[in-house]
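Heads up, the thing below is written out as structure tokens.
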Amino acid sequence: MAATAASVGVPLVIAIDGPAASGKGTIAAGVARELGFRYLDSGSLYRLVALKALRAGIPVTDEAALAVAASDLDFAFDNGGVQLGGEDATEGIRSEAVSAAASQVAVHPAVRRALLSRQRAFRQAPGLVADGRDMGTVVFPDAAIKVFVTASAEERAKRRYKQLIAKGISITMDGLLRDIRERDARDAGRVAAPLRPADDAVILDTTDLTIDAAIGAVLDLYRVRTMAAERQRS
Ligand code: DC
């Protein structure tokens, strides 16, 4: 299947966008694994900038300083983890404080610009699955396949609750639901690259879907689209 992507010249991109806790990250990683493609979790870049800013005492409102932090970002992905400045930051970027700060950092156009080329550098053969908020609209507008993953806010809060409880973190459902709604509003309401489906995106509602079924749906879409593209070429 990877040969299909390579045969079109530019490595093929599957863009998977959606709100927090919609399942897009798990779906994107699963699709990348099945196809042998590279995987970009773009949210982790915003989280790394937020972690770096919190550590350096840079206010989340200081756009210029945050943009410098983003363009100098020294990160590396390895074995499902991520390093910041040579130190493991896999857990550090997942804290609730970093989640909230990442969403605030991400509103700044200069930060988004600084991260653009870093994200596009992940487009390599045999192909890329990229997940985030603006993969299909801004970062990879020419992506061959665009999926917008949704799920109700209640279902997403429930999923997040289970994950946090499993980690031994005590949290209330009400608080989580409020956080998710606040983050959705900030991500969708910002002027720079707001969260919205690309015009040519397929909407995938995962409220009542298992992860495997959702991965299967994206793989089906990939097969149908690449077969159609091959038929057109021959
Ligand atoms: O997907 P995530 O929850 O790890 O993303 C963390 C924050 O980064 C989220 O609040 C929105 C922001 N983000 C963004 O603005 N654009 C992206 N492509 C990915 C994430």
Side-chain angles (χ1 to χ4, degrees), residues 13-30 32 39-54 60-61 63 66-67 69-70 73 75 77 80-82 84 89-123 128-141 143 146-151 153 155-157 159-161 163-164 176-198 201 204 206:
V13 175
I14 300 178
I16 302 189
D17 291 304
S22 57
K24 65 185 185 315
T26 315
I27 296 167
Y39 167 52
L40 167 65
D41 164 15
S42 64
S44 66
L45 299 184
Y46 290 93
R47 288 173 179 273
L48 286 165
V49 175
L51 179 61
K52 188 174 168 184
L54 288 174
V60 291
T61 48
E63 178 166 6
L66 291 168
L73 199 65
F75 68 91
F77 291 104
V82 65
L84 176 62
T90 314
E91 289 292 316
I93 61 164
R94 298 288 152 198
S95 73
E96 288 305 297
V98 171
S99 299
S103 157
Q104 289 166 303
V105 157
V107 302
H108 302 300
V111 173
R112 307 196 70 85
R113 272 196 304 275
L115 291 179
L116 210 48
S117 59
R118 315 290 298 264
Q119 295 174 84
R120 288 182 175 153
F122 281 81
R123 184 177 204 164
L128 173 70
V129 183
D131 90 59
R133 303 294 190 286
D134 60 346
M135 297 297 99
T137 50
V138 176
V139 182
F140 302 108
K146 300 179 186 178
V147 180
F148 192 84
V149 182
T150 60
E155 175 63 24
R156 289 184 284 130
R159 291 175 189 169
R160 192 89 186 98
Y161 181 79
Q163 285 171 352
L164 292 174
L176 267 179
L177 192 55
R178 197 177 49 241
D179 285 355
I180 280 191
R181 288 198 169 124
E182 264 175 27
R183 222 180 313 160
D184 281 357
R186 195 159 44 223
D187 291 347
R190 70 183 175 220
V191 176
L195 172 68
R196 66 164 181 86
L204 182 64
T206 66

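Count residues from 1 along the sequence. Whatever order the structure lists them in is the order used to number ligands and atoms, beginning at 1. Fair warning: this is a prediction, and the values are worked out from it, not measured in the lab.
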Item checked: side-chain hydrogen bond (donor to acceptor under 3.5 Å, both in side chains), paired with Arg47, selected from Ser95, Ser103, Ser42, Ser99 ->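 Among Ser95, Ser103, Ser42, Ser99, the one that satisfies the side-chain hydrogen bond (donor to acceptor under 3.5 Å, both in side chains) with Arg47 is Ser99.
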Item checked: Separation between NE2 of His108 and OG1 of Thr61, rounded to the nearest 0.5 Å ->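 It is 6.5 Å, given to the nearest 0.5 Å.
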Next item on the list: Non-hydrogen atoms closer than 4.0 Å to ligand 1: which protein residues do they belong to? List them by chain and number, please.
Entry: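 Near ligand 1, by chain and number: Lys24, Ser42, Gly43, Tyr46, Arg47, Arg94, Ala102, Ser103, Ala106, Arg112, Gly132, Arg133, Asp134, Met135, Arg183, Asp187, Arg190.
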Next item on the list: Look at Glu155 together with Arg159 and state whether they make a salt bridge at an N to O cut-off of under 4.0 Å.
Entry: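 Answer for the salt bridge query: yes.
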Next item on the list: Scan residues 93-112 for pairs that pass salt bridge (charged side-chain N to carboxylate O under 4.0 Å, His left out), counting only residues two or more places apart or in two chains.
Entry: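 Qualifying pairs: Asp41-Arg94, Glu96-Arg160, Arg112-Asp134.
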Item checked: side-chain hydrogen bond (donor to acceptor under 3.5 Å, both in side chains) partners for Thr150, two or more places apart ->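 Scan of Thr150 (side-chain hydrogen bond (donor to acceptor under 3.5 Å, both in side chains), adjacent residues dropped) gives none.
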Checklist line | Non-neighbouring partners of Pro19 that pass side-chain contact (heavy atoms from CB on, under 4.5 Å), sequence neighbours left out | finding: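 Partners of Pro19 under the side-chain contact (heavy atoms from CB on, under 4.5 Å) test: Ser22, Phe148, Arg156, Asp184, Leu195.
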